[in-house]
There are 2 protein chains.
Amino acid sequence: MVETGELTAGSRLNENSLAARLGVSRGPIREACRGLEQGGLVTLIANRGFFIRELESREAAELYEIRGALYALAGRILAPKITVKQAAELQGYIDTMQGAVAENNLNVFYPTNLRFHEAIVQFSGNERLMSECVSIHREMHLFRRRTLDIPGRMSISNEEHRTILKWLVEHDADKAAAELEHHVLTSREVLFGPMGAYPKEGS
Amino acid sequence: MVETGELTAGSRLNENSLAARLGVSRGPIREACRGLEQGGLVTLIANRGFFIRELESREAAELYEIRGALYALAGRILAPKITVKQAAELQGYIDTMQGAVAENNLNVFYPTNLRFHEAIVQFSGNERLMSECVSIHREMHLFRRRTLDIPGRMSISNEEHRTILKWLVEHDADKAAAELEHHVLTSREVLFGPMGAYPKEGS
DNA sequence: ACGTTCAATTTTGTTGACAATATACAAAAA
DNA sequence: TTTTTGTATATTGTCAACAAAATTGAACGT
C-alpha cells in the first residue's frame with residue numbers, strides 16, 4: 001500500500017479500519033505493523049498508534065550512502081565471475097533504457113534502471129545483500145523528492161551504466177565498485193550535497 | 001537473552017513461558033517476536049512457533065561481506081573530517097588492545113575491538129549506518145564459530161587497526177576504506193574462503 | 001525390540017472484550 | 001473573538017478464551 005501510494009507518508013494507520021478491510025482482527029494487524037516498524041516503514045508512537053514513516057532529508061541522504069556502498073559491494077563480488085549471459089542481460093537493460101532516454105520516457109527508464117541494479121546485486125549471489133537492497137529501496141519510497149527527473153540526468157545515468165558494465169566484463173572489481181558507488185552517490189549529491197554532510201530538515 | 005547466551009540458536013520460543021516469565025500476555029510477546037523476526041534474530045515457522053535463528057555458514061559469510069562494505073563506508077566518510085580528539089580516542093582503544101595482545105586476553109580485546117569499529121561508524125555521523133552495524137553485529141551472535149581466537153590473529157588485527165587510524169588521520173578516504181574492508185574480509189576469508197564464494201552448510 | 005496408530009495434551013493463531021489513553025467537540029469564561 | 005475546560009467519543013494496549021494444528025506418549029501389532 002505504501003508502494004502504490006495508497007498510504008501516504010505521515011498518515012496514521014487505523015487498526016480497526018485495516019482489520020475490517022483485510023478481514024482479520026487487530027492482533028495480526030499489530031503483528032504485521034511491528035514487522036514493518038523494524039523494517040523502517042512505520043513508526044509507533046505510544047498510545048497514538050502506527051504512522052507511515054516520514055523520511056527526512058537527513059535519513060534519505062544516509063540511505064543513499066549506504067545503498068551506494070552495497071551496490072559497490074555487489075559489483076566488487078560480481079566482477080570476477082560475471083558470465084557472458086549475465087552481461088548480455090545487463091546490456092539488454094541498458095538498450096531498453098537508451099530507448100527510454102530517446103523518447104524521454106521516465107516510466108520505462110525508472111523500472112528498468114531499478115532492474116539493472118537489482119540484477120547486479122542478484123548476480124553477486126549474496127542473498128542477504130539482495131534483501132537488504134530491496135528493503136532500502138522500499139524505504140526510499142517514503143522520501144518524496146526523487147532524482148533522475150532532472151533534465152539530462154537519464155542520459156548521464158545510462159552512460160554510467162555502460163561504464164559499470166564495461167568494468168564488470170573486464171573483471172576489474174575495483175573499477176566496477178568505484179563506478180557503482182559514484183553512480184549512486186551522484187544522485188545523492190544532486191539532492192543533498194557532498195558525502196558526510198547531512199542536511200537539516202527542510203533543505 | 002540471545003546475547004547473554006541464555007537463549008541458544010535453534011531453540012524454540014515458548015510463548016506461554018515467555019509471557020509468564022515477563023509478566024505479560026502472549027499478545028505483546030508475539031508483537032516483539034515479529035519485530036525480532038524482521039531483525040533477523042528469530043524465524044517463524046507456521047503453526048510451530050518462533051525459533052532462535054541459526055546462522056548458517058553461507059549467511060555468516062554474506063554478513064561479513066556486508067559488514068566490510070559498511071565499515072569501509074564509515075571510514076570513507078570519516079577520513080576527510082576526523083578530529084584530533086576522535087583520533088585520540090581511537091588511539092586509546094588501540095593501546096588498550098595492545099595490552100590485551102601482550103597478555104593474550106581475549107576478554108579485553110574483543111569488546112575493545114568492537115568499540116573501536118563502532119566508534120568509527122559513530123564518528124562518521126551516519127546514524128542509520130550505525131544502527132545497521134549494531135543490527136548486523138547482533139545477528140552475528142547467532143553464528144557459533146568466531147574468529148580472532150586463531151593464534152596470532154589478535155596481533156595482526158591490531159596492526160591493521162594502526163594502519164586504519166593512520167589513513168584516517170591523513171584524511172585519505174580511499175586508503176582508509178580499503179584497509180577497513182580488507183580488515184573485516186580477512187576474518188571472513190580465514191573462516192570461509194575467498195569473497196563471492198559462499199560455503200554450503202557444514203563447511 | 002522396533003515402528004505405527006490413535007487419543008490426550010500442549011501450543012499456536014485468532015478473536016472479541018475491557019481498561020487506559022488520546023482525540024474531538026461543545027459549553028463556559030476571559 | 002479567543003482561550004479554556006469538561007465531556008463524549010474513538011483508539012490503543014492488553015488480556016483471557018477459543019479453535020486449529022502440532023507434539024507427546026501410551027497402547028498395539030509386527
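If you're wondering where the values come from, they're calculated on a predicted model, not measured in any experiment.
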Discussion item. Do the side chains of A/Glu37 and A/Arg34 get close enough for a salt bridge, i.e. N-O under 4.0 angstrom?
Written reply: yes

Worksheet item: Cut-off 3.5 Å, side chains only: do A/His137 and A/His117 have a donor facing an acceptor?
Response: no

Worksheet item: So, does A/His161 use its side chain to make a donor-acceptor pair with the main chain of A/Ile94 at under 3.5 Å?
Response: no

Worksheet, complete the sentence: Walking DNA chain C from its 5' end, the first of A/Ala46 and B/Phe50 to be reached, judged by nearest nucleotide, is B/Phe50

Worksheet, complete the sentence: Here the distance between atom P of D/dT12 and atom CG of A/Asn14, to the nearest Å, is 5 Å

Practice prompt. Ignoring backbone atoms, test whether B/Arg12 places a side-chain nitrogen or oxygen under 4.0 Å from the OP1 or OP2 oxygen of C/dT12.
Written response: yes

Discussion item. Which nucleotide wins on minimum distance to the side chain of B/Arg30, given the candidates D/dT11, D/dG13, C/dT14?
Written reply: C/dT14

Worksheet entry | Considering all heavy atoms, the nearest A/Cys133-A/Val121 contact | SG-CG2, 4.0 Å

Fill in: Ionic contact status for A/Glu62 with A/Arg67, cut-off 4.0 Å
no

Practice prompt. Calculate the interatomic distance between A/Leu44 atom CG and D/dT12 atom C1'; express it in whole Å.
Written response: 9 Å

Discussion item. Taking the nucleotide of DNA chain C with the nearest heavy atom to each, does A/Pro28 or B/Gly49 sit closer to the 5' end?
Written reply: B/Gly49

Worksheet item: Can you check the B/Leu13 CG to C/dT10 C1' distance for me, whole Å?
Response: 16 Å

Worksheet entry | Euclidean distance, atom CD of residue A/Glu15 to atom C1' of C/dT14 [Å, nearest integer] | 15 Å

Worksheet item: Any idea which of D/dT12, D/dA17, D/dC15 is nearest the B/Arg26 side chain?
Response: D/dA17

Discussion item. Under 4.0 Å, heavy atoms only, any strand: does A/Asn47 hit a base, just the sugar-phosphate, or nothing?
Written reply: sugar-phosphate

Worksheet item: Looking for any heavy atom pair under 4.0 Å, which part of the strands does B/Ile29 touch: base, sugar-phosphate only, or nothing?
Response: nothing

Practice prompt. Please tell me which of the listed nucleotides, D/dC15, C/dT14, C/dT21, lies nearest to the side chain of A/Glu31?
Written response: C/dT14

Worksheet entry | Pair of N/O donor and acceptor under 3.5 Å linking C/dG13 base with B/Arg48 side chain | no

Item to complete: Give A/Asn16 one of three labels, base, sugar-phosphate or nothing, depending on what nucleic acid heavy atoms sit under 4.0 Å from its own.
Response: base

